[in-house]
Amino acid sequence: MFGGANGFHWFSSEAEAAQFLRSELWNWLPDDDTNEWVLSVYFDALKTTSRIEDDWLIDVSEQQDDVLVVWHGQFDALVNGTDRFAASVVDDFSNLARGPGMQGVDLQGFIEYLAVFRGEVKRGT
């Protein structure tokens with residue numbers, strides 16, 4: 001893994017992220033029957049590809065709700081708020097930190113915010 005904070009993990013490549021979902025994520029979760037089944041769902045989805053794509057993510061998410069990938073993309077896309085989810089995270093951080101926008105905001109502060117992010121924006125869009 002290249003880095004991460006809380007539920008956000010970042011990788012040097014899409015293939016590395018796929019490998020994390022195939023095998024490494026499961027070392028962090030309790031060893032029980034539910035997680036074994038969820039592991040098999042992810043493993044089957046990634047058996048023939050290393051692409052993180054919405055079609056199989058939606059399928060996997062519909063089958064279970066223990067391990068969800070709610071967003072995927074490049075760190076720059078998250079910081080720049082290039083889609084609705086990323087924009088809401090950036091807006092929430094900006095509103096809590098200094099007011100609207102990421103201009104002049106220390107990236108380390110944003111990463112620290114991600115460490116306490118719980119999947120919901122506190123303010124913002």
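What's counted below: heavy atoms across the whole structure, side chains too, no hydrogens, waters or symmetry copies. Numbers here simply count residues along the sequence, with the first being 1.
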Pairwise distance CZ(Phe110) to CZ(Phe93) - rounded to 0.5 angstrom: 7.0 Å
Straight-line distance of Gln19 CD to Glu14 CD, nearest 0.5 Å: 13.5 Å
Applying side chain to side chain contact (heavy atoms under 4.5 Å, CB included), name anything that partners Leu21, two or more places apart in sequence or on another chain. Leu25, Tyr42, Leu46, Ile52, Trp56, Val69
Quick check against the 3.5 Å criterion: does [X] have a side-chain atom that pairs as donor or acceptor with the backbone of [Y]?
X: Ser94; Y: Asp91; value: no
X: Asp92; Y: Ser88; value: no
X: Asn80; Y: Thr82; value: no

Below 4.5 Å, heavy atoms only, C-beta onward: do Leu78 and Val90 meet side chain to side chain? no
How far apart are the closest heavy atoms of Ala86 and Ala77, and which atoms are they? CB-O, 3.7 Å
